[in-house]
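As a basis for the values below, the full set of heavy atoms in this structure was taken, side chains included, without hydrogen atoms, waters or symmetry mates. Chain identifiers are assigned alphabetically (A, B, ...) following the order of the sequence lines, protein sequences preceding nucleic acid strands; residue numbering begins at 1 within each chain.
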2 protein chains.
Amino acid sequence: MHQNSVSEFTIRRLPLYLHVLEQFKNEGRASFSATELSRTLGIYHTLVRKDLNVAGLKGRPRVGHMVDEAILQLKSYLGWDRVLNALLIGAGNLARALLGYREMSLTGIRIAALIDCDPAKIGSELCGLTIFSPDDIPRLKREFGIEAGIITTPAETAQAAADRLIAAGITTLWNFTLPVLQTPESTVVEHTHFFSNMAIVTYKHKQANQQSMEATQ
Amino acid sequence: MHQNSVSEFTIRRLPLYLHVLEQFKNEGRASFSATELSRTLGIYHTLVRKDLNVAGLKGRPRVGHMVDEAILQLKSYLGWDRVLNALLIGAGNLARALLGYREMSLTGIRIAALIDCDPAKIGSELCGLTIFSPDDIPRLKREFGIEAGIITTPAETAQAAADRLIAAGITTLWNFTLPVLQTPESTVVEHTHFFSNMAIVTYKHKQANQQSMEATQ
DNA sequence: TAGATTGTTAATCGATTAACAATC
DNA sequence: TAGATTGTTAATCGATTAACAATC
């Protein structure tokens, strides 16, 4: 397992395969071919095969892969076959959205506790979870076996939030706020930046409109 | 402007530069060098220069770039210097999070109207915006000059939502739900898939832990 | 001027695509 | 068997990195 060489691009595609396979399963299908997956998702068939191979899936010529087996294997490869307790810091609207996100349970990520630095919020509840103070992070980590932190604070407090999580020994972070977080080399940080998404939306929209305007001239 | 060749990777990095430049501006700085940006963000300096060039920025040797000028130019290049009216479909928690997302205004994207297909929600308000029926999409499009659609419905209704937006002539979509949307070639679709982010979180977490376990053996 | 900085051209690296061999 | 499908190896393409020339 010393292949640090698995591409992030591959990892990001695996949930897409999983999604289609769950659909196949619901349709009562027992097997599938990489070619089908490829067509459904618009991903080159060789790439699908390589990705499946990386995830440890072995297909049989002429038969393809078994749906159930593939789902289990993909989940296991991604680490979705175990619970990952997470602590969410920043109990705002995005927190509520994540707490209400049904599909999250598929990934094993479980928001076990909420943190906010607003004294007015501490002690109150959001979606059935009590909101704690940042001072409680170390205790909550021990109590709930927290392994990951989700940062949904406003941008101003994001670095401080990250610092406190890291100080408590939490080494895996999922950050929704500040584009740049200073973290030690060993910390795993995944960013979900709406900014970059919005840049694509506005840029491509502009481009598409310019093109159509040029075309009609 | 016939360069369809600008990479999406470049576009996604531009908001990061913008973010750092806003900080520089707040610190009262007048100029900056690509080298500084490069160090702050951990992006190779030549890459930063290329990106800035693509966005139409011209620096001066020995001087660098002017902060204010660069901010304006980046915003203009991304299309963040004009309002883009959007219609959001799926008035749930994620909708509330996006409506409360202060930084959205920087991008010019404005959620002008809300849609939901739940009769219980239609007519009520969310964050000061009235929730309309999917049947109102064409009218709202005309009324508000809607150019983009944001899809935050549950996965089951996402394709239907996309179909209705497209049928109304909305050609730019930002989708938070289903991993695969069937859309015409000409439609611009940007996906924000938490699933892919979560896959990275769990996979890397697992890897990091395996490695440390191996190391201690 | 000298040197800091830009911007360009070439080299590398890795992801995707294409071609082909293997197998049930 | 023939052919559908897998999986591997080679080619292409494009993003990043490195080297270097230009300039105030």
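- For the pair B:Arg96/B:Asn93, a side-chain contact is recorded, criterion being any heavy-atom separation below 4.5 Å from C-beta on.
- Taking only side-chain nitrogens and oxygens, A:Arg49 never comes nearer than 4.0 Å to OP1 or OP2 of D:dG7.
- Listed pair A:Ser31 / D:dT5 fails the phosphate criterion, with no side-chain N or O lying under 4.0 Å from OP1 or OP2.
- Across residues 62-71 of chain A, A:Arg62, A:Gly64, A:His65 each have a non-hydrogen atom less than 4.0 Å from an atom of DNA chain D (numbered order).
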Between B:Lys75 and B:Leu106, is a side-chain contact (heavy atoms from CB on, under 4.5 Å) present by the stated rule, with each step listed?
CA-CA 9 Å; B:Lys75 284 190 173 176; B:Leu106 287 178; 4.2 Å; yes
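- Remark: C1' of C:dT8 and NZ of B:Lys58 are 11 Å apart, rounded to the nearest angstrom.
- C:dT6 atom C1' lies 11 Å from atom NE2 of B:His45, rounded to whole Å.
- Rounding to the nearest 0.5 Å gives a distance of 9.5 Å between OG1 of A:Thr177 and CG of A:Leu94.
- Contact annotation: B:Asn53 does not reach the phosphate of C:dT6 (side-chain N/O to OP1 or OP2, under 4.0 Å).
- Pair assignment for C:dT23: D:dA4, on the basis of Watson-Crick or G-U wobble contacts that are both within less than 3.5 Å.
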Pull out every protein N or O sitting under 3.5 Å from an N or O of nucleotides 12-16 of chain C, one pair per line with the distance.
| from | atom 1 | to | atom 2 | distance (Å) |
| --- | --- | --- | --- | --- |
| C:dT16 | OP1 | A:Arg13 | NH1 | 2.9 |
| C:dT16 | OP2 | A:Arg13 | NH1 | 3.4 |
| C:dT16 | OP2 | A:Arg13 | NH2 | 3.0 |

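- Within 4.0 Å of B:Ser33, counting heavy atoms only, lie sugar-phosphate atoms of the nucleic acid but no base atom.
- Remark: nothing in residues 19-30 of chain A comes within less than 4.0 Å of DNA chain C through any heavy atom.
- Figure legend: cation-pi geometry between A:Lys25 and A:Phe32 absent, as NZ or CZ is not positioned both under 6.0 Å from the six-membered ring centre and within 45° of its axis.
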